[in-house]
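Here's the structure, in structure tokens; my notes come after.
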Amino acid sequence: MNSQYSNRAKLKQNCLSLPLQLHITGMEYNFPEIEAKWRKFWADNKTFKAEDNSTKPKFYVLDMFPYPSGAGLHVGHPLGYIASDIYARYKRLQGFNVLHPMGYDSFGLPAEQYAIQTGQHPALTTVTNIDGGTDKEGNKISGYRKQLDIMGFSFDWDREVRTSSPEYYKWTQWIFKQLYNAYYDTTQDKAVSIDALIVEFSNNGNGSVNATTDFDETFTADQWKAYSEEEKEKTLQQYRLTYLADSWVNWCPALGTVLANDEVVSGVSERGGHPVEQKLMRQWSMRIKAYAERLLTGLETVDWTDSIKDQQRNWIGKSVGASVHFKVDGSDHDIEVFTTRPDTIYGVSFMVLAPEHPFVDEITTAAYAAGVANYKKEASLKSERDRMADVKNISGQNTGAFALHPFTGEKVQIWIGDYVLASYGTGAVMAVPCGDQRDWDFAKHFGIDIINIFKDQDISEAAYAEKDVVIANSDFLNDLPAKKAIKLAVYEIEKRGFGQGKTQYRLRDAVFSRQRYWGEPFPVYYKGETPYLVDDAHLPITLPEVDKYLPTEDGEPPLARAEQSAWNHSEGDRMEFNTMPGWAGSSWYFLRYMDPKNENEFVAKEKVEYWKNVDLYIGGSEHATGHLLYSRFWTKFLYDLGYIPFDEPFQKMINQGMILGRSSFAYRAKYRIVTSDFTKFTSEFESPLLEHLPPFVYYSYSLLEKYGDVSSDEFNKELREITLERLKGLYKPKSNGNIEDYISVDILDHSQVHVDISLVENDILDIDSFTNWKKDSKGSIFLVNEDGTYICGHEVEKMSKSKYNVQTPDELVEKYGADTLRMYEMFLGPLEQSKPWDTKGISGVHNFLRKLWRLFHDADNNLTLSDGEPDAKALKSLHKTIKKIGDDLDRFSFNTGVSNFMICVNELGDQKCNNKAILQELVILLSSYAPHVCEELWVKLGNEAGTLSYAQFPEFKEEFLVEANHSYPVSFNGKMRFMIDLPTAMSREDVEKEVLAHETAQKWLEGNTPKKVIVVPGKIVNVVV
RNA sequence: GCGGAUGUGGUGGAAUUGGUAGACACGCUAGACUUAGGAUCUAGUGCCGCGAGGUGUGAGAGUUCGAGUCUCUUCAUCCGCACCA
């Protein structure tokens, strides 16, 4: 360990004395020049322009577009973009017409929060964050576009979209209108124009309408015709795929807006972690429930990870069962419950309603009224979060009322309890304690008798929830296995009119209004309370100017501050003040890339018919239940209306892992000195003996590591001693004091502080820069290792500004070049895995590119290439690589791809191969990973500039790999003992003979005859002794 | 609790169909060249052992001629969902 550190110390000294430029100017592989040159070339020549009309087969490679934040990109962001770019370039080489676009999801909270703080219009913030500039506080912002450009991505920038631009959101508004004008016909199982429904209503009423709706009243044609316009619209809202309704929403007071279910994580807002409460508000919603089943079955047709699919399945939450009605004894009320186990109907021991259930007050008997009122109050005071945290506590209250069992007519107690959720199913359950643990717990807790209807099943200790049971004690269900009993029970329930078979989904309709400024305005105005759509001719409804980005005094959203005449396209009416949520624009952006400048349609039909859906989508898995579900929903909807020819947006998806930061830490303690007269001085104060006491004592991680933890007595003893030593050595005493007056040092308050990672190299801290940066540490004592180094500790954390562990791509591109960074990010490990960022290995990748360069050049950096026929060795190296690179790309194994390039270049280097034919093929192969240097070498090989991107991917020829001999590993009882070179074509029998004749074989046989010899020709030999 | 994923040298990781475990790279060791080396080159590097050899993919069992890979059990870590009737 010590030698390691002393070496590091040497490195460090040299680092300080040698400016970085030195190793750049001396070098042959001049990446800054090469990369700048080709970036310009690609931009000037629009090399990566995708053709809308092409005879080539299409391939659509898409990245999840970023929100352009002021913090800029860190090395984690481009990871997925690098992978998709490599793949896009690979597909171009394979002869595909590749659509590989990029844009910005530019509506969002941070720009709005910034606007609230600084008054700067979010549109300006957004432009600065994309194009670069200076923010209101004077911080320089390099801009997303520039950061993306230096990576050498092959985006077709002519297709850029920004969700916040009016040209784009015009069509988001248009799609909203289509949803408004449609309902879901459950017979046709698709969305249909609402006009058809209106015709049906005026002809036949709604009696025979099969549609997804929460509306359960019936009306006739005559009644419909008699409705006022307002009444008609109110009814239609119950059918429209986007509709206005008073609904319980997640209200976040801190953010001043409602949130969708996927934006609420364990009771607090996903952004900022603010508490969220339930509030009844009039809001726009999306009837995504209509698509629940198709969203579920569609998952089977896409190539996504099981994890994401399961998350979506879970979110949709399909349960198949039955709804059953229980009459309330002595009342007209009829409680509907949903159950997935209708076979256990004879096991119903009691019923439980959610405290919020509408019947509770009416059925509660006088004797229980106080208790029920009390319980309801308690339940209402509990927040969603408390209720979740409180799962273990069983609570409930008897109502005194009884329900009548539909089959037996027996009286069943009705309780209320908060384990029954008002928001799921009917807010009521039939409790079957023998088959459900929660019911069982409830019954035990309140001493309710449990009916056991399972044959030979002991339920005295716990419920039995498995379905591998036989039903007993249940009349017509007796002796049936549960699965059969379920079917028969549903049949009987339906026959006797107690209910019907039913499929229930957990998926809720998605709230679509936000009380914010920086989002798409709705193309909606109101006459009184009735909403009307703005005519297409007036789209887009642009965001109006407002004086402040805050709600009005009377709680209206920020848009209510706008001068109405400035944006109200319909005389005298009130515009909608809400804006759309962030996911509106991102739900269809992949379509707009196909036709980004179309002013007449959201996408031209012939274009979407050519490009179809995304072939490869790369992005984070955090969008599993948000963006990915909503865009599937909109896609299916647009498909139903015939606008697009596919109903799943993303065919294959890969979720890149998160790149975590590696934080560096320094360890420090306060201390106090004790003088001979027992006066104590802490490090914060001036001592009478010294001019200034050092504020802290910093100790190296090596010291901490030696003792394990800061509470160790030995550690503190050593710390005290060294500190005293250093104090003596560092400071001259004042005239009236003497250093000998110190008798001891006490160590207080250990703490660790984040150190900016730019001040640390190989865990060694640049102490001077550190004390300059961390002002309160100026003059501190640093307890360094023998070699003078201060070693920092480290931890893996999320990359964030506040942890000073952010690594930007810009710095690394400057130091090593984009080609190196691209390859290094891929080399780090499998794309899907999350991993801590570490620059330790980057030099290896950089060296690889330099070795590649040296294949083409001599020691004086002159190009030296040979013509003529390549030799067999070089051909073998090349074709082995062609095969591996192709295979690796096909299975998205980018990290092994990099390894295989290294192997190839190492081999060709050993062979001193500078054959043009070989190198030309290698350059094509490598160009998707390291495009800049390959373009340069491509031209050096005598090709026309810019043709590399559309060259042909080399063809693998097996013949170059065939060898006359194979080196067989020979195992005895599965343990490899020696190698033997034998002709590849040799027969099994001959191989066996040769192996056994080998002298080493004799040794391992120890005179025995082998029991068995397994020969796998061209692979291995195993001898069983 | 349920669901998903992951456990391999000092480190990142490789081993695609059951067939030489540790490719490739970092780091480290020794050497060469050199005024110098953060350059370059050569050799070595899982662990134990001087060696022969033994041992080794979180742990334990099993299937197999042969298991990192398949089956079962179990432990740990990470992620998602969580009273869903």
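Lettering follows sequence order; numbering is per chain, from 1. Here the structure is a predicted model, which means the values were calculated and not measured.
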Notebook entry, point to check: In dot-bracket notation, what is the pairing pattern of RNA chain B, taking Watson-Crick (N1-N3 plus N6-O4 or O6-N4) and G-U wobble (N1-O2 and O6-N3) contacts under 3.5 Å, with [ ] crossing and | for other strands?
Noted result: (((((((..(((......[....)))((((((.......))))))(((....)))..(((((..]....))))))))))))....
Next item on the list: Please lay out, stage by stage, how A:Y29 and A:N861 fare under the test side-chain contact (heavy atoms from CB on, under 4.5 Å).
Entry: CA-CA 9 Å; A:Y29 164 42; A:N861 203 25; over 6 Å; no
Notebook entry, point to check: So does A:N900 get a side-chain nitrogen or oxygen closer than 4.0 Å to the phosphate oxygens (OP1/OP2) of B:A23?
Noted result: no
Note to self: Over all strands shown, is A:K883 touching base, sugar-phosphate only, or nothing at heavy-atom distances under 4.0 angstrom?
What the structure shows: nothing
Next item on the list: Remember a base hit wins even if backbone is also touched, and classify A:T340 as base, sugar-phosphate or nothing at under 4.0 Å, heavy atoms.
Entry: sugar-phosphate
Note to self: Please classify B:G9 as syn or anti, treating any glycosidic angle within 90° of 0 as syn.
What the structure shows: syn
Next item on the list: Going 5' to 3' through nucleotides 1-7 of chain B, assign each nucleotide B (protein heavy atom under 4.0 Å from a base atom), S (under 4.0 Å only from sugar-phosphate atoms) or - (no protein heavy atom that close).
Entry: --SS---
Notebook entry, point to check: Does A:R977 have a side-chain nitrogen or oxygen under 4.0 Å from the phosphate oxygens OP1 or OP2 of B:G53?
Noted result: no
Check: For atom P, what is the distance between B:U73 and B:G1, given to the nearest Å?
Finding: 16 Å
Item checked: A:N973 CG - B:G19 P separation (whole Å) -> 19 Å
Check: When rounded to the nearest Å, what value does the distance between P atoms of B:A82 and B:A23 take?
Finding: 44 Å
Note to self: Please confirm whether the shortest side-chain N or O distance from A:R662 to OP1 or OP2 of B:G12 is below 4.0 Å.
What the structure shows: no
Check: Quick one: which of A:Y816, A:W837, A:F848 gives a ring-ring contact (aromatic ring centres under 6.0 Å, His included) with A:Y824?
Finding: A:W837
Next item on the list: Indicate, with a heavy-atom threshold strictly under 4.0 Å, whether A:I1014 touches base, sugar-phosphate, or nothing.
Entry: base
Check: Hey, does A:W853 reach any base, or is it just sugar-phosphate, or nothing, if we go heavy atoms under 4.0 Å?
Finding: nothing
Checklist line | Pair A:R891 + A:D887: basic N to acidic O under 4.0 Å | finding: no
Next item on the list: Return no unless some side-chain N or O of A:S319 is found under 4.0 Å from OP1 or OP2 of B:A85.
Entry: yes
Item checked: Pairwise P distance for B:G68 and B:U57, with rounding to whole Å -> 7 Å
Checklist line | Spacing of the P atoms in B:G22 and B:C28 (rounded, Å) | finding: 23 Å
Note to self: Is it true that A:N900 and A:T881 share a donor-acceptor pair across their side chains at a distance under 3.5 Å?
What the structure shows: no
Margin query: Please determine whether a side-chain nitrogen or oxygen atom of A:N906 lies at a distance below 4.0 Å from atom OP1 or OP2 of B:A25.
Written below: yes
Next item on the list: Considering just the side-chain nitrogens and oxygens of A:K1012, establish if one lies under 4.0 Å of OP1 or OP2 belonging to B:C65.
Entry: yes
Next item on the list: Let me know, please, whether A:W315 or A:D436 comes out on the 5' side of the other along RNA chain B by nearest nucleotide.
Entry: A:W315
Show me the donor-acceptor pairs, under 3.5 Å and distance only, between side chains in residues 1011-1025 of chain A and residues at least two apart or in other chains.
from, atom 1, to, atom 2, distance (Å)
A:K1011, NZ, A:V1025, O, 3.4
A:N1022, OD1, A:G974, N, 3.0

Check: Is the side chain of A:K309 donor-acceptor paired with the backbone N or O of A:V302 at a distance under 3.5 Å, no angle test?
Finding: yes
Notebook entry, point to check: Is A:K876 salt-bridged to A:E907, going by a charged N under 4.0 Å from an acidic O?
Noted result: no
Notebook entry, point to check: Taking for each residue the nucleotide of RNA chain B with the nearest heavy atom, is it A:G974 or A:H966 whose nucleotide lies nearer the 5' end?
Noted result: A:H966
Notebook entry, point to check: With rounding to whole Å, what would you report as the distance between B:G66 and B:G18 at their C1' atoms?
Noted result: 8 Å
Check: Within the pair A:R891 and B:U17, is there a side-chain N or O less than 4.0 Å away from OP1 or OP2?
Finding: no
Next item on the list: Using atom CZ of A:F350 as one end and atom P of B:A85 as the other, report the distance to the nearest whole Å.
Entry: 16 Å
Note to self: Any salt bridge linking A:E293 with A:K318? Criterion: basic side-chain nitrogen under 4.0 Å from a carboxylate oxygen.
What the structure shows: yes
Item checked: Test item: side-chain donor near acceptor, A:Y424 and A:S319, under 3.5 Å -> yes
Checklist line | Distance-only side-chain donor-acceptor flag, A:D890 / A:Y90, under 3.5 Å | finding: yes
Note to self: Between A:D509 and A:K289, does any side-chain N to carboxylate O distance fall below 4.0 Å?
What the structure shows: no
Notebook entry, point to check: Would you say A:K798 reaches B:C79's phosphate, i.e. side-chain N/O to OP1/OP2 under 4.0 Å?
Noted result: no
